[in-house]
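Reading through the structure tokens given below for one structure.
Just follow the structure's listing: the first ligand is 1, and inside any ligand the first atom is 1.
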Amino acid sequence: MGSSGIPIVDLSPFFRSDGDGDEGEKKKSMQVIAEACSDYGFFQIVNHGVPLDLMSRALELSTTWFQNNPDEEKLMSRPPSHLPLPAGYGRQPEHSPDKNEYLVLFPPNSGFNVYPQNPPQFMEVLEEIFSHLTRTGGVVESILNECLGFPPEFLKEYNHDRSWDIMTALHYFPATENENNGNSEHEDGNLFTFVIQDEVGGLQVRKNGEWIPVTPEQGTIIVNVGDVIQVLSNKKFKSATHRVVRKEGLSRFSYAFFYNLEGEKWVEPLPQFTKEIGEAPKYRGFQYKEYQELRIRNKTHPPSKPEDAIHITHYAI
Ligand SMILES: O=C(O)CCC(=O)C(=O)O
Ligand SMILES: [Fe+2]
């Protein structure tokens with residue numbers, strides 16, 4: 001358990017080749033994960049395969065880049081991509097309640113990436129951490145697959161195309177006297193997200209109706225389950241409700257890695273969570289990219305009332 005009461009799971013047994021004794025450890029970890037996902041969709045991982053010095057380095061470099069980068073880089077053009085959002089630098093529109101700026105990256109082999117040039121090592125570190133997070137994503141995906149009782153490799157085959165994964169480096173501005181919203185209350189629309197945060201803190205998750213601060217623990221990666229897992233499992237696993245609150249006098253830096261689905265994929269509650277157990281589906285099916293486009297429109301053209309923003313409830317039956 002972390003100091004915030006969010007479970008911390010040691011993934012090392014999942015990275016070792018199967019030896020005696022590992023099965024028991026794996027089972028215990030999977031129980032903790034399954035419970036956290038059934039309750040509120042949030043847990044943390046250690047011994048996750050991403051080198052700790054790479055994580056610190058990535059945070060140091062993004063801090064330097066956001067604080068010092070020349071405006072030309074911030075203003076670099078963001079050509080359209082295969083996703084409903086472009087790669088490169090962006091900033092929340094002036095009217096947005098969210099006060100952050102960010103850098104969007106696609107997988108290292110993507111021709112759509114727009115990389116920062118300074119510091120010169122930044123691009124290499126971004127590519128390296130992206131690759132590590134992708135590998136850890138595969139491990140977490142297979143754990144969730146087993147926790148949900150899917151046939152072996154079901155999620156891996158359903159979600160074999162990694163070209164829609166994205167990573168964002170985020171910079172939250174210091175809070176002012178009047179407001180401290182960094183990233184409004186939301187659920188992520190994907191399978192799951194990894195968050196790496198600096199020591200400032202500010203990420204909060206809603207658990208049993210209360211906002212719980214996710215206390216920074218160096219080297220830990222936060223995992224939050226997204227809407228796709230919630231829909232496939234007909235809400236057996238929950239998509240985590242979370243937000244970021246800014247601190248006065250302090251900038252906060254983080255990375256979010258979104259383990260996504262290819263845009264053409266169809267998402268709907270699976271028969272083992274509906275007709276095979278006599279339960280009605282809680283959602284109608286949808287194409288992944290249609291939902292992502294609607295979510296991005298929430299950000300670029302915010303509805304006049306927050307309750308008009310599109311969430312997964314848009315597809316609720
Ligand atoms: O910066 C963070 O800690 C979380 C970011 C987040 O929730 C998101 O980008 O969806
Ligand atoms: Fe999020």
Quiz item: So, for Tyr259 and Phe194, is the gap between ring centers shorter than 6.0 Å?
Solution: no
Practice problem: Using only heavy-atom distances, determine whether the side chains of Tyr89 and Glu101 contain a donor-acceptor pair under 3.5 Å. | Solution: yes
Quiz item: Do Tyr102 and His171 have ring centres separated by under 6.0 Å?
Solution: no
Would you tabulate the polar-atom pairs, meaning N/O of ligand 1 against N/O of the protein, with distances under 3.5 Å, reported to 0.1 Å?
| from | atom 1 | to | atom 2 | distance (Å) |
| --- | --- | --- | --- | --- |
| ligand 1 | 1 (O) | Tyr172 | OH | 2.7 |
| ligand 1 | 1 (O) | Arg252 | NH1 | 3.0 |
| ligand 1 | 1 (O) | Ser254 | OG | 2.7 |
| ligand 1 | 3 (O) | Arg252 | NH1 | 3.1 |
| ligand 1 | 3 (O) | Arg252 | NH2 | 2.8 |
| ligand 1 | 7 (O) | His186 | NE2 | 3.2 |
| ligand 1 | 7 (O) | His242 | NE2 | 3.0 |
| ligand 1 | 10 (O) | His186 | NE2 | 3.0 |
| ligand 1 | 10 (O) | Asp188 | OD1 | 3.2 |

Exercise. Give the name of the N/O/S atom in His242 that lies closest to the Fe ion (ligand 2).
Key: NE2
Self-check item: Leu54-Phe257 co-clustered via ILVMFWY side chain contacts under 4.5 Å
Solution: yes
Quiz item: Does one hydrophobic cluster hold both Leu203 and Leu250, with members joined at side-chain heavy-atom distances below 4.5 Å?
Solution: no
Quiz item: Atom CD of Glu187 and atom OG1 of Thr313: how far apart are they, to the nearest 0.5 Å?
Solution: 8.0 Å
Practice problem: For the atoms OD1 of Asp188 and NE2 of His186, give the angle they form at the Fe ion (ligand 2), rounded to 10 degrees. | Solution: 90°
Exercise. Could you state whether Val200 and Phe66 fall into the same hydrophobic cluster, counting links through intermediate Ile, Leu, Val, Met, Phe, Trp or Tyr residues with side-chain heavy atoms under 4.5 angstrom apart?
Key: no
